[in-house]
> 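A single structure is presented below for examination.
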Number of protein chains: 2
Amino acid sequence: MEKYRRFNIKLTPQRIAIFDYLEGNKNHPSAEDIYKAVKKQFSTMSFATVYNTLEALREKGNVRELKIDEHKKRYDPDMSPHHHVICTKCNVIHDVFSDIGVHLPDEVSKGFDISGKSIEFFGVCRKCKY
Amino acid sequence: MEKYRRFNIKLTPQRIAIFDYLEGNKNHPSAEDIYKAVKKQFSTMSFATVYNTLEALREKGNVRELKIDEHKKRYDPDMSPHHHVICTKCNVIHDVFSDIGVHLPDEVSKGFDISGKSIEFFGVCRKCKY
DNA sequence: AATTTAGTTTAGAATAATTATAATTTAAAA
DNA sequence: TTTTAAATTATAATTATTCTAAACTAAATT
């Protein structure tokens, strides 16, 4: 009955706490965000566990690593196809659900076998522009 | 007659060597690539100078910082609008010149004042697939 | 249920990229 | 030529991330 069995990785209490934190999370948290949140329940939680768990999830296609923030990786548990806007002032990231059909002419893809794409928008969020 | 006057930053021999290295460079070099190349002429060149110069160029809109490579920033002196494909095996980055007109519906941009976008394609380059 | 084992957790050290510091030097303005 | 504001340098500091090796534990096997 464990809802996280589908991840096909060994379940530990620490991992379950991380999964719970990530589930439905729209904040695109960093490893540190996750670490801080989960440390409240597991005071011995280490960064290594956070990174190991994220890597295990990523391998199985259950979390996406975002390279959009200049200073650190951010993680997105929403695996449905979507893009992101990042605020250039406060670094908040919002989802962009929009069917952006980019067709890449062959002569432009330089012989690459293209397997994915990622679109980031930059701008100033409502809060930061007052 | 200095061709780099247009950058509007103080010209030093070290900076000029960096500019020369970047000019027309299609390799999307990292700070280390630049450092190694320029150190051949200036054996005392330091990383700080590379980063300072890149930051000065960036401020004036003469180089673009690419966050596409997972491990380090890469720099692109080509400021004309274009996108990138990165090889997931060897990390080589190629330019994609293609007019990708993404129109973002208002209800989807969540109140952001959008000032730019960046599209990355992922795939395997010709060399890596043999 | 007890044992085994392969994988996980942990604290802490190591690494890698980048940024900061502070003394010295230098481009270019006066 | 002098002045000055900014750049260069070696080095230290910082930050994110990865590694290590010993202790632990989930879950497979008996």
Side-chain angles (χ1 to χ4, degrees), chain A residues 1-21 28-60 62-75 91 93, chain B residues 1-21 28-60 62-75 91 93:
Chain A
M1 237 260 73
E2 295 268 28
K3 73 211 258 214
Y4 298 124
R5 271 277 126 70
R6 66 190 166 90
F7 291 155
N8 277 313
I9 61 175
K10 200 153 134 181
L11 297 181
T12 66
Q14 291 89 337
R15 283 180 168 188
I16 289 169
I18 293 173
F19 302 155
D20 284 340
Y21 176 77
H28 311 87
S30 64
E32 191 183 10
D33 295 332
I34 299 168
Y35 171 76
K36 280 186 183 158
V38 177
K39 199 173 175 79
K40 288 177 189 158
Q41 299 166 60
F42 290 92
S43 61
T44 63
M45 168 68 51
S46 97
F47 260 106
T49 298
V50 174
Y51 282 110
N52 286 346
T53 302
L54 287 168
E55 172 58 14
L57 285 173
R58 197 199 54 75
E59 262 183 5
K60 303 280 181 176
N62 292 112
V63 80
R64 200 172 136 195
E65 246 180 49
L66 306 182
K67 285 171 291 212
I68 189 173
D69 184 325
E70 151 152 52
H71 296 294
K72 46 190 151 192
K73 288 179 191 159
R74 311 241 327 222
Y75 295 87
N91 293 322
I93 297 175
Chain B
M1 242 258 71
E2 295 267 27
K3 73 212 254 211
Y4 298 123
R5 271 276 126 70
R6 66 191 167 88
F7 291 154
N8 277 313
I9 60 175
K10 199 151 133 183
L11 298 180
T12 66
Q14 292 87 337
R15 284 181 165 187
I16 290 169
I18 293 174
F19 302 155
D20 284 340
Y21 177 77
H28 311 86
S30 64
E32 192 186 8
D33 294 332
I34 298 167
Y35 172 76
K36 279 185 184 161
V38 176
K39 201 174 173 77
K40 287 176 190 161
Q41 298 165 62
F42 290 91
S43 61
T44 63
M45 167 70 49
S46 97
F47 260 107
T49 298
V50 173
Y51 281 110
N52 286 345
T53 302
L54 287 168
E55 173 56 14
L57 285 173
R58 197 199 54 74
E59 262 183 5
K60 303 282 180 170
N62 292 113
V63 80
R64 203 173 134 194
E65 244 180 50
L66 306 181
K67 285 171 289 216
I68 188 173
D69 183 325
E70 152 152 50
H71 296 295
K72 46 190 151 190
K73 290 180 192 157
R74 309 232 340 216
Y75 296 86
N91 293 321
I93 298 176

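Naming convention: chains lettered A, B, ... in sequence-line order (proteins, then strands); numbering from 1 in each chain.
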> Considering only side-chain heavy atoms of B:Thr12, which listed nucleotide, D:dT8, C:dA11, C:dT18, is closest?
D:dT8

> Using the closest heavy atom to pick a nucleotide of DNA chain D for each, name whichever of B:Asn52 or B:His71 lands nearer the 5' end.
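Looking at DNA chain D, the more 5' nearest nucleotide goes with B:Asn52.
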
> Ignoring backbone atoms, test whether B:Arg15 places a side-chain nitrogen or oxygen under 4.0 Å from the OP1 or OP2 oxygen of D:dT8.
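For D:dT8, OP1/OP2 do have a side-chain N/O of B:Arg15 under 4.0 Å.
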
> Nearest whole angstrom, please: distance from the P of D:dT11 to the CE of B:Met45.
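Between P of D:dT11 and CE of B:Met45: 16 Å.
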
> Please classify the nucleic acid contact of A:Thr49 as base, sugar-phosphate, or nothing, using heavy-atom distances under 4.0 Å.
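It contacts base atoms.
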
> What are the two closest heavy atoms between B:Lys67 and A:Glu70, and how far apart are they?
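Heavy atoms of B:Lys67 and A:Glu70 come nearest at CD-CA, 3.6 Å.
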
> With heavy-atom distances below 4.5 Å as the criterion, would you say the side chains of A:Leu11 and A:Arg5 are in contact?
yes

> When you measure from the side chain of A:Ala48, which nucleotide among C:dT9, C:dA11, D:dT18 comes out closest?
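So the side chain of A:Ala48 is nearest to C:dA11.
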
> A:Lys72 side chain N/O closer than 4.0 Å to the phosphate oxygens (OP1, OP2) of D:dA16?
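Yes, A:Lys72 has a side-chain N/O under 4.0 Å of OP1/OP2 on D:dA16.
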
> Can you tell me the distance, in whole Å, between the CG atom of A:Asp33 and the P atom of D:dT15?
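These atoms are roughly 16 Å apart.
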
> Give the rounded distance in Å between these two atoms: CZ of B:Phe47 and P of C:dT15.
17 Å

> Could you say whether B:Ala31 or A:Pro13 is positioned toward the 5' end of DNA chain C, judged by the nucleotide with the nearest heavy atom to each?
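Residue closer to the 5' terminus by nearest nucleotide: A:Pro13.
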
> From C-beta outward on B:Gln14, which listed nucleotide comes closest to its side chain: D:dT8, D:dA7, C:dA6?
D:dT8

> Using five pairs at either end of the helix from C:dA1-D:dT30 to C:dA30-D:dT1, determine the angle between the two local helix axes and round it to 10 degrees.
30°

> Would you call the rings of B:Phe47 and B:Tyr35 parallel, tilted or perpendicular if under 30° counts as parallel and over 60° as perpendicular?
parallel

> In this structure, how many angstroms lie between the C1' atom of D:dA16 and the CD atom of A:Glu65, rounded?
12 Å

> When all nucleic acid strands are considered with a 4.0 Å heavy-atom cut-off, which category describes A:Ile9: base, sugar-phosphate, or nothing?
nothing

> Are any of the side-chain heavy atoms of A:Glu65 and A:Tyr75 separated by less than 4.5 Å?
yes

> I want to check one thing: is the phosphate of C:dA28, taken as OP1 and OP2, less than 4.0 Å away from some side-chain N or O of B:Arg5?
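So the side chain of B:Arg5 is within the cut-off, an N or O lying under 4.0 Å from OP1 or OP2 of C:dA28.
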
> Can you work out whether B:Thr53 or B:Glu70 has the more 5'-proximal nearest nucleotide on DNA chain D?
B:Thr53

> Going by atom type alone, with no hydrogens or angles, which donor-acceptor pairs under 3.5 Å involve a side-chain atom of residues 49-58 of chain B and a protein atom two or more places apart or on another chain?
from, atom 1, to, atom 2, distance (Å)
B:Asn52, ND2, B:Ala48, O, 3.3
B:Thr53, OG1, B:Thr49, O, 2.7
B:Glu55, OE1, B:Arg58, NE, 3.0
B:Glu55, OE1, B:Arg58, NH2, 3.4
B:Glu55, OE2, B:Arg58, NH2, 2.9

> Measure from the side chain of A:Tyr51, starting at C-beta and using heavy atoms only, and say which of D:dA16, D:dA27, C:dT10 lies closest.
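Looking only at heavy atoms from C-beta outward on A:Tyr51, the closest nucleotide is D:dA16.
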
> Do A:Asn62 and A:Phe19 have side chains that get closer than 4.5 Å, going by heavy atoms?
no

> Between C:dT10, C:dA28, C:dA17, spot the one nearest the side chain of A:Thr44, thanks.
C:dT10

> Quick one: salt bridge (Lys or Arg N to Asp or Glu O under 4.0 Å) pairs with a partner in residues 37-47 of chain B, sequence neighbours left out?
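Passing the test, one end in residues 37-47 of chain B: no pairs.
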
> Can you measure B:Lys10 atom NZ to D:dA7 atom C1' for me and round it to whole angstrom units?
6 Å

> In whole angstrom, give the distance that lies between atom CD1 of B:Ile18 and atom P of D:dA7.
12 Å

> Atom CZ of A:Phe7 to atom C1' of C:dT8: distance rounded to whole Å?
17 Å

> Got a second to check how far A:Ile9's CD1 is from A:Arg15's CZ, nearest 0.5 Å?
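Here the rounded value is 4.0 Å.
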
> Expressed as a whole number of angstroms, how long is the span from A:Leu54:CG to C:dT8:P?
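For the pair A:Leu54 CG and C:dT8 P, the rounded distance is 14 Å.
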
